[in-house]
Enquirer: 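Attaching a single structure in structure tokens format; questions to follow.
In what follows, every chain begins at residue 1, and chains take the letters A, B, ... in the order their sequences are listed.
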Protein chains: 2
Amino acid sequence: MNVRDFKNKIYAELAGITKALANPHRLEIIELLAQGPCPVEYIVDNTSLTVANASQHLQTLKSARLVTSKRRGKYSYYSLASIKVFEVWNAMRDLGFSQNAEIEKLLKEFRESHHNLESVTCSQLLERIQQGKSLLLDVRPRKEYKSGHIASALSIPQDELIEKLKELPRNKEIVAYCRGPLCAMADNAVEMLINHGYKAVRLESGFPEWKSKGLPVEQ
Amino acid sequence: MNVRDFKNKIYAELAGITKALANPHRLEIIELLAQGPCPVEYIVDNTSLTVANASQHLQTLKSARLVTSKRRGKYSYYSLASIKVFEVWNAMRDLGFSQNAEIEKLLKEFRESHHNLESVTCSQLLERIQQGKSLLLDVRPRKEYKSGHIASALSIPQDELIEKLKELPRNKEIVAYCRGPLCAMADNAVEMLINHGYKAVRLESGFPEWKSKGLPVEQ
DNA sequence: CGCACATTCAATATATTAATTGAATGTTGT
DNA sequence: ACAACATTCAATTAATATATTGAATGTGCG
């Protein structure tokens, strides 16, 4: 095989993988699966997809070897094939945030609609935890917490927060985190905490970003 | 704007960027541009694309803000919009190399056709250079060398190598590098050097990978 | 077994992407 | 101004991707 044929084939394969990623719904699925394995139904509940369509997108991801599936009882549990899949998505999102004016505008609007809440980075959070300064709150659904969370984090899903406010200390800063920078759950939690007189900020990114940096996680 | 609309818009934008990458020719263009800025003509000479088609692909990349262009005289010089573009491609390629059986097979066949030549990683190379053990050879076209190369590398383009063999020491190991892991120039150079009795290996990756790791470069 | 439910499959209509062709634009040097 | 050349544009055809629909498959439970 000559070099040109070799290159054509390799680039075609790599473009195939990239094409499998190049769809808004599939990117959203990747981000959900980065929280942990889940059935098709869970993806449907957390996106605007129909069942058949979600399944179809998952097949596309599966045949590009970006996700794997395992049947357990009635459900097919889908997972990311490797942490590298998340890393590609992370690099892509990072590129988008820095290059695309439209994305920048959307993010700015979104933050403003949440009154420009303060956020902390992973390394800032790590420091605060080590110094015992902050209480860490995982506001994702409990299932996601159970399939992996930041070390020392407490699980209070967003919709249970109002009932459990009393359990939280008023003198300590609370850091809430969720699925990632595009997820609004932490923003909502922080907003509510502040409205009730607590001191709270959100983690800029989320659990998968923390994990992919090799920072301490628990299960 | 509600969260669902926000997400739909953000993911659509990010998928747009990903779509711009999701084509074999455009991936190859990205890899070429990672060597440094160049005109359309140069891309045509180094791929199997026609002029109009190359230009069209460049427009696609440009409107996704992955590349920029600047007219200088008769030529439009295209460049990567940011090192992040290369980083995404790098992460993607890495994912492909690790997940895709077809790619693995192609790479294996390719290496075998080059008699399984030895290669060194960036960190191994750095060590060898620091210890003065190896002579470093940039076998890319001189223009690419001039727009940036690994510190202390000598420029001998692949097609001039045969004439300049005498200038090289026989007692020192020679490390040849080129555009990256998918480029055959370093393999060809190493093969020729070995056939003429020199001790030679290739750098596993290439200049852009070295540079993106923050290792020493010159211009 | 057969019902309920999660998922997948197959077929179709629509929308998007890509290569090709030839013409148009912009720039240099005479 | 014009000849030579690099690049871009516009139009066409062919190929591919996507959402939707309804039917089919697979699994647990009564």
Enquirer: Mapping Pro39(B) and Asn23(A) to their closest nucleotides on DNA chain D, which lands nearer the 5' end?
Expert: Pro39(B)
Enquirer: Do the side-chain N or O atoms of Ser76(B) get closer than 4.0 angstrom to the phosphate oxygens (OP1, OP2) of dT8(D)?
Expert: yes
Enquirer: Please pick, from dT7(C), dA19(C), dG22(C), the nucleotide with the shortest atom-to-atom distance to any side-chain atom of Asn53(B).
Expert: dA19(C)
Enquirer: Show the nearest heavy-atom pair for residues Gly96(B) and Ile17(A), with the distance to one decimal.
Expert: CA-CD1, 3.5 Å
Enquirer: Could you tell me the separation between the OH atom of Tyr78(B) and the P atom of dT7(D), rounded to a whole number of Å?
Expert: 8 Å
Enquirer: What bend angle does the helix from dC1(C)-dG30(D) to dT30(C)-dA1(D) show across its length, from five-pair end axes and to the nearest 10 degrees?
Expert: 30°
Enquirer: Can you tell me the distance, in whole Å, between the NE2 atom of His57(A) and the P atom of dT8(C)?
Expert: 14 Å
Enquirer: Could you please name the option among dA18(C), dT8(D), dA19(C) that lies closest to any side-chain atom of Arg26(B)?
Expert: dA18(C)
Enquirer: Quick check: are there more than 12 heavy atoms from other residues, nucleotides or ligands sitting under 6.0 Å from NZ of Lys164(B)?
Expert: yes
Enquirer: Starting from P on dT7(C), measure out to CD on Gln56(A) and report it in whole angstrom.
Expert: 15 Å
Enquirer: At their closest point, which heavy atom of Asn100(A) faces which heavy atom of Ile103(A), and how far apart are they?
Expert: OD1-N, 2.8 Å
Enquirer: Report the residue from Leu136(B), Val120(B), Leu125(B) that forms a side-chain contact (heavy atoms from CB on, under 4.5 Å) with Tyr177(B).
Expert: Leu136(B)
Enquirer: I need the minimum non-hydrogen distance between Val190(B) and Ala200(B), along with the two atoms involved.
Expert: CG1-O, 3.6 Å
Enquirer: When we call it a touch if two heavy atoms are under 4.0 Å apart, what does Val51(B) touch: a base, just sugar-phosphate, or nothing?
Expert: base
Enquirer: Provide, to the nearest angstrom, the distance between the CG atom belonging to Asn8(A) and the P atom belonging to dA19(C).
Expert: 11 Å
Enquirer: Rounding to a whole Å, what distance do you find between Lys62(B):NZ and dT8(D):C1'?
Expert: 10 Å
Enquirer: Could you pull out the closest heavy-atom pair between Ile150(A) and Glu218(A), with the gap in Å?
Expert: O-OE1, 4.3 Å
Enquirer: Quick one: Leu49(A) CG to dT18(D) C1', roughly how many Å, whole number?
Expert: 11 Å
Enquirer: Separation of Glu28(A) atom CD from dT18(D) atom P, in whole Å?
Expert: 15 Å
Enquirer: Let's see if you can work this out: which of dT7(C), dA6(D), dG22(D) has an atom nearest to the side-chain heavy atoms of Ala52(A)?
Expert: dG22(D)
Enquirer: Looking only at the side chain of Glu41(B) (C-beta and beyond, no hydrogens), which of the listed nucleotides dT7(D), dT7(C), dT8(D) gets closest?
Expert: dT7(D)
Enquirer: Just by modelled atom types, is the Asn90(A) backbone N or O under 3.5 Å from a matching donor or acceptor in the Asp94(A) side chain?
Expert: no
Enquirer: With nearest nucleotides of DNA chain D determined for Pro24(A) and Gly73(A) from heavy-atom distances, which residue corresponds to the more 5′ nucleotide?
Expert: Pro24(A)
Enquirer: What is the ring orientation for Tyr145(A) with His149(A), classed by angle as parallel under 30°, tilted 30 to 60°, or perpendicular over 60°?
Expert: parallel
Enquirer: Which nucleotide in the set dT28(C), dA6(C), dT8(D) lies at the smallest distance from any side-chain heavy atom of Lys74(A)?
Expert: dA6(C)
Enquirer: Between Ser69(A) and Lys19(A), which has a closest nucleotide on DNA chain C that is more 5'?
Expert: Ser69(A)
Enquirer: What's the closest nucleotide to the Tyr75(A) side chain, out of dC9(C), dT7(D), dT7(C)?
Expert: dT7(C)
Enquirer: Using atom NZ of Lys70(B) as one end and atom P of dT8(D) as the other, report the distance to the nearest whole Å.
Expert: 16 Å
